[in-house]
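A short worksheet on the structure shown next.
Convention: sequence-line order gives letters A, B, ...; per-chain numbering from 1.
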Amino acid sequence: MDVVVLVKLALDTGQLRVSEGKVDVESTPLKVSDIDRNAVEEAVRVRERVGGLVHVVSILKYGPIQRRLQEAEGLLREVLAMGADDAYLVADEALIGSDQSVTAKVIASIIRRLGKYDLVIAGEATVDGYTGQVGPRVAAELGIPVVTYVRELRIEGSRVVAKRDLEDAVQTVETPLPALVTVTREINTPRIPTLLQIRAAVRKPIGKLTLADLGLTLKPTIKVESAVPMQVKRRGVVIREGTVDEKADRLVQALIQEGLLTPR
Amino acid sequence: MAMGVLVVGSIGDIGLVGLAQRFRGQDVHYLLTGQGDVVQLGRYGVSRVYQLTTGIDEYSFSETLTDLVNRGSYSIIITPVNRFYRTAVPMAAQRLSAPLLTDVIDVKPIDNELEVVLNSFGNRAQVTVKVTGRVLLMAPPARFKPSENPVNASIEPLQPRVVNVVKVVSTEGKAKGGVRIEDAELIVAVGRGFRRREDLKLAFELAEVLGAEVGCSRPIAADLKWLSEDHWIGLSGRRVRPRLYIAIGISGQPQHLAGMMESRTVVVINNDPNAPFFRNCDYGVVEDLYSFIPVLTRRLRDILKR
Ligand SMILES: Cc1cc2nc3c(=O)[nH]c(=O)nc-3n(C[C@H](O)[C@H](O)[C@H](O)COP(=O)(O)OP(=O)(O)OC[C@H]3O[C@@H](n4cnc5c(N)ncnc54)[C@H](O)[C@@H]3O)c2cc1C
């Protein structure tokens, strides 16, 4: 059973760099989007149960490409160390800041080139955009069924059986393979690779591709004009000393002064 | 550019018409799911309503929506946000080869272009995007208020295109807390610092004295299931903007902060002096919640006489 995992190298939004009142995307570090680690973990578990291969597919969305390539490769080695067999990284100027319809077309084109695949796994959404579009878009592009927000996954012969976590219900569904599923953070706990696995990952192949290699030319449909960080000024008064009673008193006094409490 | 605007949603999502109205001079049509008062839509200037009364799955919905957008040549499609739409709408967007912008705050049509302002980067930044051509926009309906502009709305039943690729084997309802945390003025939010479900009682008692609602971090709702999902605050949960937000036993990861950044006053109670939340609070107390909360509740009960 061959599994494709979609991994985004996301902006580390905990470390957004700001310059002149704008988010400085180019100097903000990337990280493997958290829930994509759950996706990799699930893919590796599927392979451990039924055999096959785990391919990682990643599209570089943030420039500058030259400097990001090394960073991207390092991050992909992290998921290879978790047990994926190989990775494909598409880096191309035309993809920087492109919208997800373009991302999905590129991913689908790589998956088709792989020839054989049974299951595609993505995270429910990425930690930076949090739009959750790419999974369903890739499924639409490939013309395969999609099952989103999966918190339990089983392969039964040529079908997937999955439990979906919806707002007001847990739904159990089944669908034939090939299919695409997106997983939640709660589906598993991603493994921490051992030193040995980290070393072994250095030798695993990462195929670097451009749009020309894929025979694609794509038109941009959106243009990001600016990104202004939301900065909230907080007082930052932290009460560390004193007994529990004293601390409670100080807090209550502060809330009274803020006009949030009115003693009767 | 000629733009027809199509709003998608139930009658409860009517707020989205407020966003549609920002495309001045454009016809606004509505794909209404379920039952609803068509006259009410007409009052806000919706001139045509397509009514879909049968419940269908995401795949079928995406096909049905794609067909309707093509048939009506809509250039702007506006939808609410939930896991159903987050699944169905991107599929439709891909079939339409169009961008989908989520968490939209505002739109400004300028000549042949459209400027869209949205929250992004984990809700850490407001991003302005320029679009030419067809676009799908997703936003929480409560963010907008339509103004009255009465017209006679025509109504047309919509036949769905049903595609059975995913079979639902069973559905198990989840408990609902019955809170609308996004409307709460005062919130007491709980996190993994609570060791047992029963201990949440401490937070509920504090909330009761304050007249506050109880919210929570993702693990409390999604992992542990101690509270229903309508309590869940953050990037993947609800966005709140209370006057007072008291976070108890929550570490303050960026994905939690994403949901409560617009709170006016933030109080953090945590026994770890290095918890990141202390860098994002107005008042912080470094203390064990188990000893602190009962004392705080008692003090508040005294001064508020509740
Ligand atoms: C894409 C994505 C989306 C996410 N969306 C959300 C979201 O919408 N909402 C959300 O909340 N999270 C979200 N998360 C998860 C988020 O990253 C954190 O994992 C989560 O917020 C942590 O919850 P917590 O603070 O309750 O738990 P922890 O991080 O475990 O923190 C518990 C805190 O309690 C304190 N504590 C322990 N014992 C005591 C005590 N006795 N007294 C006082 N304090 C104590 C600890 O010091 C610690 O700071 C998301 C993650 C990802 C990747």
Inset, instruction - Against chain A, label B:Ser62 side chain, backbone, both or neither, depending on which of its atoms sit under 4.5 Å from a heavy atom there. - result: neither
Inset, instruction - Under 4.5 Å heavy-atom distance to chain B, tell me which part of A:Ile222 shows up: side chain, backbone, both or neither. - result: both
Legend entry - chain B contact via A:Arg185 - side chain, backbone, both or neither, heavy atoms under 4.5 Å: both
Inset, instruction - Can you tell which part of B:Tyr59 gets under 4.5 Å to a heavy atom of chain A, answering side chain, backbone, both or neither? - result: side chain
Inset, instruction - Measure distances from A:Arg159 to the heavy atoms of chain B and classify the residue's part below 4.5 Å as side chain, backbone, both or neither. - result: neither
Inset, instruction - Please state whether the side chain, the backbone, both or neither of B:Asn123 comes within less than 4.5 Å of a heavy atom of chain A. - result: both
Legend entry - Heavy-atom side-chain proximity of B:Lys167 to A:Thr175 below 4.5 angstrom: no
Inset, instruction - Give, as side chain, backbone, both or neither, the part of A:Val25 having an atom under 4.5 angstrom from any heavy atom of chain B. - result: side chain
Inset, instruction - Side chain from CB out, backbone as N, CA, C, O: work out which of these in B:Asn280 comes under 4.5 Å of a heavy atom of chain A, or both, or neither. - result: backbone
Legend entry - Approximate separation, where rounding is to 0.5 Å, of A:Ile35 CD1 and B:Gln255 CD: 8.5 Å
Legend entry - Non-hydrogen side-chain atoms of A:Val252 and B:Leu296 separated by less than 4.5 Å: yes
Legend entry - Heavy-atom pair with the smallest gap, counting every atom of B:Pro99 and A:Thr221: CG-OG1, 3.9 Å
Inset, instruction - Indicate yes or no for a side-chain donor-acceptor contact from B:Arg83 to the backbone of A:Asp165 under 3.5 Å, with no hydrogens or angles considered. - result: yes
Legend entry - Side chain, backbone, both or neither of A:Lys105 within contact of chain B (heavy atoms, under 4.5 Å): both
Inset, instruction - Would you mind checking which part of A:Leu166 comes under 4.5 Å of any heavy atom in chain B, side chain (CB onward), backbone (N, CA, C, O), both or neither? - result: both
Legend entry - Reported CZ-to-CG distance for the pair B:Arg124 and A:Leu11, which is rounded to 0.5 angstrom: 12.5 Å
Inset, instruction - Flag the pair B:Val286 / A:Val238 as yes when at least one side-chain heavy-atom distance between them is below 4.5 Å, and no otherwise. - result: yes
Legend entry - Exam field: side chain B:Gln126 to backbone A:Ala227, donor-acceptor pair closer than 3.5 Å: no
Legend entry - Side chain, backbone, both or neither of A:Tyr130 within contact of chain B (heavy atoms, under 4.5 Å): both
Legend entry - Verdict with reasoning, A:Glu167 to B:Lys176, per salt bridge (charged side-chain N to carboxylate O under 4.0 Å, His left out): CA-CA 9 Å; A:Glu167 279 94 347; B:Lys176 268 214 181 106; over 6 Å; no
Inset, instruction - Name the region of A:Val170, side chain, backbone, both or neither, that has any atom closer than 4.5 Å to a heavy atom of chain B. - result: both
Legend entry - For B:Arg218, all residues meeting salt bridge (charged side-chain N to carboxylate O under 4.0 Å, His left out), sequence neighbours excluded: A:Glu124, A:Glu186
Inset, instruction - Answer whether the closest heavy-atom distance between the side chains of A:Met230 and B:Asn119 falls below 4.5 Å. - result: yes
Inset, instruction - Taking the side chain as every heavy atom from C-beta outward, state whether B:Gln94 and A:Pro136 have any atom pair closer than 4.5 Å. - result: no
Legend entry - A:Thr131 and B:Thr102: side chain donor to acceptor below 3.5 Å: no
Distance-only donor-acceptor hits, side chain of residues 254-264 of chain A, under 3.5 Å, sequence neighbours excluded:
residue, atom, partner, partner atom, Å
A:Glu258, OE2, A:Arg235, NE, 2.6
A:Glu258, OE2, A:Arg235, NH2, 3.3
A:Glu258, OE2, B:Tyr283, OH, 2.7

Legend entry - Residues forming a side chain to side chain contact (heavy atoms under 4.5 Å, CB included) with B:Asn164, sequence neighbours excluded: B:Val162
Legend entry - CD-OG1 distance between B:Glu58 and A:Thr148, expressed to the nearest 0.5 angstrom: 5.5 Å
Inset, instruction - Check the pair B:Thr132, A:Lys223 against side-chain hydrogen bond (donor to acceptor under 3.5 Å, both in side chains), reporting the backbone distance first and the verdict last. - result: CA-CA 9 Å; B:Thr132 44; A:Lys223 186 162 167 281; over 6 Å; no
Inset, instruction - Go through the atoms of A:Val127 and report whether side chain, backbone, both or neither lie under 4.5 Å from a heavy atom of chain B. - result: both
Legend entry - From B:Ile269 atom CD1 to A:Lys247 atom NZ, the distance as rounded to the nearest 0.5 Å: 11.0 Å
Legend entry - Those residues of residues 240-248 of chain B, ordered by number, that approach chain A below 4.5 Å (heavy atom to heavy atom): B:Arg243, B:Leu244
Inset, instruction - With the side chain counted from C-beta on, respond yes when B:Cys281 and A:Arg234 share a heavy-atom pair under 4.5 Å apart, and no when they do not. - result: no
Inset, instruction - Measure distances from A:Val228 to the heavy atoms of chain B and classify the residue's part below 4.5 Å as side chain, backbone, both or neither. - result: both
Inset, instruction - Enter the distance from B:Asp282:CG to A:Lys233:NZ here, rounded to the nearest 0.5 Å. - result: 12.0 Å
Legend entry - Heavy-atom check, side chain of B:Arg299 versus side chain of A:Asp249, under 4.5 Å: yes
